[in-house]
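Here is the structure we will look at, set down as C-alpha cells.
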Amino acid sequence: MCCFLIGQYSAPLSKNISRFILRTVDIDTLTHTLEETACKIPWSPPLVNCILKRLWNHGPKALLFFNFLDFLSPRRYAHAASSFNHAIDIAARMRQYNAVWTLLSRMRSRNITPSPLTFAIILERFVSAGKPEKALRIFLSMHHRGCPQDLSSFNTFLDILCKSNRVEMASSLFRALGPRFRPDTVTYNIIANGWCLIKRTPVALRVMKDMVERGLTPTPVTYNILLKGYFRAGQLKEAWDFFLQMKRRGCELDVVTYTTVVHGFGVAGEVEKAQRVFDEMVGHGCLPSIATYNALIQVLCKKDNVENALVVFNDLLRKGYLPNSTTYNVLIRGLCHASEFDRAAEFMERMKGDDCEPNVQTFNVIIRYLCDAGEIERSLSVFAKMGNGVCCPPNLDTYNVLISALFVRKKPDDMLTAGKLLMEMMERGFVPRKFTYNRVLNGLLLTGNQALAKEILRAQSRPGHFPREIRL
DNA sequence: CTAGGGTTAG
C-alpha cells in the first residue's frame, strides 16, 4: 500500500522537490531546508531517480542533492544502485573524473556491486570525451572493480566505440579479443553497424559475410543495418536493390525496414517513392508505427511542405495513433522552417494536452530558428520561458546556440548577455567548448566588461563550481 | 546501456 502511494505520487513530488532545488540559489538555505524537510519525505529509489533526472541539466545541484541523501543515516535512507549510476553519469558528464571514482568506491563500500550498466556509463563518457584509450584500460581492468567481463559487456563496449565513430578501434579490439569472448550475432551486427555509421558499406558487407562463414545466421536486424547503411552513404540504388532482394528472398520485412526506406528515400528527395512505400506497407501486412509516421512527416516538412505534413498528422490522429514528442518536434521544426513561428507556438501549447510536455529539444528548435531569423530578443524571451531553468532546464545545445547568436549583431550589450549565459552554463556544470569560452572572454574585454570577465575566469579555475566545488 | 527505424543546420 505504502509503495503504491509512493509510486503514485513520486512524479508530482519529484517535480516539486526538483523545482525547489533549482530555484534556491543560496547553498546554505538549500541545505538547511533539505535537512528540515528530509524526515517528512518518503524517500525511495524511484523518487530519488526521478529527481536526479529532473536535475540532469544542473549537475552540481544534482550531485549536491545525491550527496545530501547519502549522508543521512542508512536507517533513514540508503541509495540504490540505479541512483549511484545516475550520479556517476552526471559527474562524468561534467568531466569530474575524481568524483566518478569516489562514487564508484563509495558504492562498493555500501555493499552495492557496480553493474555492467555502471561501467557502460563510465566507458561511454570517457569515449565521448575523446579518451578511448583510457576507456579501454578501464574495460580491461573492470573485473578488479567488481564487474566481470563477459560477452555482453564486450559487446556493449564495442557498441559504445562504434557509436562514437571509433569503428577502427572497435574492429581491432574485436580481432584481438574475439577468440576470448566468442562473438555472437550481436557482436557482428554492432561492428557492421559501426562501418555503416561512417558510410563504409562495403566493409560492413564484408563483416556480414565473415559472420556467415563463421556459421552465424544474419537476422532481420542485420539486414536493416545494411539497408540503413546504404541510405546513409547516399547509395540509393544499392538500397533499393537490397530492399528488393530482401523481399525476393523472403526475409522478414518489419516495421523498422519500412521506416528505414520511407525515411531514406524521403531525405534523399524522393518523396513520391517514400510515400508509395509507406502506402504499400499495410498491404504487406505491416502496420506503420508512430516512428514511421514521424519519418514521413519529417520528410514532407523537409522536401515537400508543412501543410502536407499536417495532413498526415491529422490522418494519424484519425487512425487513433498517439503522437509523441518527436512527432511534435518534427512538426514544430517544419513550421519554424516556414517562418510560421506563431503556429509553431500553437503546437507547443497543444503538446501539453497530449501529455508530452515540450522538452529541451522543442525549446531548442524554436530558439535556433528565431536566432537564425535574427530575432534575438524573441529568442531570449523563449529562453526565459524555460522558467529560468526551473521548468525545463536548458542543455549544452541551448547555450551554444544562444551564445553564438549573440555574436551576429555587433552590439556591446549582447556581449554582456553572452557573458552571463556563459557564467550560468558553467554554474550548471556544463563544460563550454574552448572556442566559445575564449570568444566570450575576448568579447567581454573588448566591450569593457572586465568585471564579468574576471568572474568567469575565477569560476573557470574551480571547475564544477556551484557555488564552490562539490566535495564528495 | 548486448544489435536495427523518427528530432539539430551545414
Side-chain angles (χ1 to χ4, degrees), chain A residues 82 85-86 88-89 115-125 127 149-160 162-163 170 181 183-194 196-197 204 207-208 211 216 218-229 231-232 252-264 266-267 274 277-278 281 286 288-302 309 312 316 323-334 336-337 356 358-369 371-372 395-398 400-401 404:
Chain A
S82 52
N85 288 344
H86 281 310
I88 287 173
D89 201 3
S115 66
L117 176 59
T118 316
F119 277 91
I121 290 166
I122 295 174
L123 293 171
E124 203 273 326
R125 291 300 173 193
V127 174
Q149 294 134 330
D150 53 11
L151 178 58
S152 102
S153 58
F154 182 56
N155 284 346
T156 306
F157 186 42
L158 292 180
D159 195 38
I160 288 167
C162 286
K163 300 246 164 81
F181 291 110
D184 61 359
T185 320
V186 177
T187 322
Y188 279 95
N189 285 347
I190 287 169
I191 299 289
N193 188 45
C196 285
L197 286 172
V207 172
M208 205 178 107
M211 157 180 188
L216 294 166
T219 62
V221 175
T222 318
Y223 296 118
N224 287 338
I225 287 170
L226 257 297
L227 184 63
K228 174 83 187 169
F231 280 115
R232 191 181 285 113
E252 187 193 327
L253 301 187
D254 59 17
V255 62
V256 177
T257 318
Y258 282 105
T259 306
T260 305
V261 176
V262 169
H263 184 255
V267 294
V277 173
F278 183 86
M281 65 186 284
C286 184
S289 67
I290 191 64
T292 322
Y293 272 102
N294 292 346
L296 184 63
I297 289 174
Q298 190 209 24
V299 156
L300 293 172
C301 286
K302 270 191 169 161
V312 174
L316 73 83
N324 59 23
S325 42
T326 307
T327 321
Y328 278 104
N329 288 344
V330 167
L331 268 178
I332 287 172
R333 177 170 304 113
C336 286
H337 195 73
C356 37
N359 53 25
V360 206
Q361 279 96 333
T362 320
F363 282 100
N364 286 356
V365 167
I366 296 186
I367 287 174
R368 182 185 300 270
Y369 275 96
C371 285
D372 285 352
N395 65 14
L396 187 59
D397 285 341
T398 323
N400 282 338
V401 170
S404 54

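Letters go in sequence order (proteins before strands), and every chain restarts at 1.
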Quiz item: In whole Å, what is the span from the OH atom of A:Tyr223 to the P atom of B:dG5?
Solution: 18 Å

Quiz item: Quick one: A:Asn395 CG to B:dT7 C1', roughly how many Å, whole number?
Solution: 12 Å

Quiz item: What nucleotide, of B:dT7, B:dA3, B:dG5, holds the atom closest to the side chain of A:Ala291?
Solution: B:dG5

Quiz item: Do you know the tightest heavy-atom contact between A:Thr185 and A:Leu216?
Solution: N-CD1, 4.1 Å

Practice problem: Identify which nucleotide among B:dG6, B:dA3, B:dT2 has an atom closest to any side-chain atom of A:Thr326, counting heavy atoms from C-beta outward. | Solution: B:dG6

Quiz item: Base, sugar-phosphate, or nothing: which does A:Thr219 touch, judged by heavy atoms less than 4.0 Å apart?
Solution: base

Quiz item: Out of B:dA9, B:dC1, B:dT2, which nucleotide sits closest to the side chain of A:Tyr369?
Solution: B:dA9

Practice problem: Evaluate the criterion side chain to side chain donor-acceptor pair (under 3.5 Å) for residue pair A:Thr257 and A:Asp254; output intermediate values, then yes/no. | Solution: CA-CA 5 Å; A:Thr257 318; A:Asp254 59 17; 2.8 Å; yes

Exercise. Remember a base hit wins even if backbone is also touched, and classify A:Val255 as base, sugar-phosphate or nothing at under 4.0 Å, heavy atoms.
Key: base

Exercise. Taking only the side-chain nitrogens and oxygens of A:Lys228, find out if one of them lies under 4.0 Å from OP1 or OP2 of B:dA3.
Key: no

Self-check item: Nearest-nucleotide pick for A:Asn329, side chain only, options being B:dA3, B:dT7, B:dC1
Solution: B:dT7

Quiz prompt | Sugar-phosphate, base or nothing in reach of A:Gln298, heavy atoms under 4.0 Å | solution = sugar-phosphate

Quiz item: Rounded to the Å, how far apart are A:Asp254 CG and B:dA3 C1'?
Solution: 13 Å

Practice problem: For B:dG10 versus B:dG5, give the span between their C1' atoms, rounded off to a whole number of Å. | Solution: 24 Å

Self-check item: Distance, rounded to the nearest Å, where A:Asn85 contributes CG and B:dC1 contributes P
Solution: 14 Å

Quiz item: Atom CZ of A:Arg125 to atom C1' of B:dC1: distance rounded to whole Å?
Solution: 11 Å

Quiz item: Any side-chain heavy-atom pair from A:Val127 and A:Phe157 closer than 4.5 angstrom?
Solution: yes

Practice problem: Check whether the side chain of A:Thr259 and the base of B:dG5 form a donor-acceptor pair under 3.5 Å. | Solution: yes

Practice problem: Check every atom of B:dG5, B:dA3, B:dC1 against the side chain of A:Ser289 and return the nucleotide holding the closest atom. | Solution: B:dG5

Quiz item: Since syn is defined as within 90° of 0, does B:dG5 count as syn or as anti?
Solution: anti

Practice problem: Taking all non-hydrogen atoms of both residues into account, name the closest pair between A:Ala204 and A:Cys196 and its distance. | Solution: CB-SG, 3.6 Å

Exercise. Send over the distance from A:Met211 CE to B:dA3 P, rounded to a whole Å.
Key: 14 Å

Self-check item: Audit row: A:Ser153, A:Asp150, side chain to side chain donor-acceptor pair (under 3.5 Å) steps and yes/no
Solution: CA-CA 5 Å; A:Ser153 58; A:Asp150 53 11; 3.0 Å; yes

Exercise. Send over the distance from A:Asn193 CG to B:dT2 C1', rounded to a whole Å.
Key: 13 Å

Quiz item: For the side chain of A:Lys163, counting heavy atoms from C-beta on, which of B:dT7, B:dC1, B:dA3 is nearest?
Solution: B:dA3

Quiz item: NA contact type, A:Asp397, heavy-atom cut-off 4.0 Å: base, sugar-phosphate, or nothing?
Solution: base

Quiz item: What is the distance, rounded to the nearest whole Å, between atom CZ of A:Phe278 and atom P of B:dG5?
Solution: 19 Å

Quiz item: Taking OP1 and OP2 of B:dG6, is either one under 4.0 Å from a side-chain nitrogen or oxygen of A:His263?
Solution: yes

Quiz item: What heavy-atom pair brings A:Thr292 and A:Thr259 nearest, and what distance separates the two atoms?
Solution: OG1-OG1, 2.9 Å

Quiz item: B:dG6 and B:dC1: how far apart are their P atoms, nearest whole angstrom?
Solution: 15 Å

Self-check item: Minimum-distance nucleotide to A:Asn155 side chain [options: B:dT2, B:dA3, B:dG5]
Solution: B:dT2

Practice problem: Would you check if there is a donor-acceptor pair between the side chains of A:Asn85 and A:Ser82 at a distance under 3.5 Å? | Solution: no

Quiz prompt | From B:dG6, B:dA3, B:dC1, nucleotide with atom closest to A:Asn294 side chain | solution = B:dG6

Quiz item: For the side chain of A:Thr292, counting heavy atoms from C-beta on, which of B:dT7, B:dC1, B:dG5 is nearest?
Solution: B:dG5

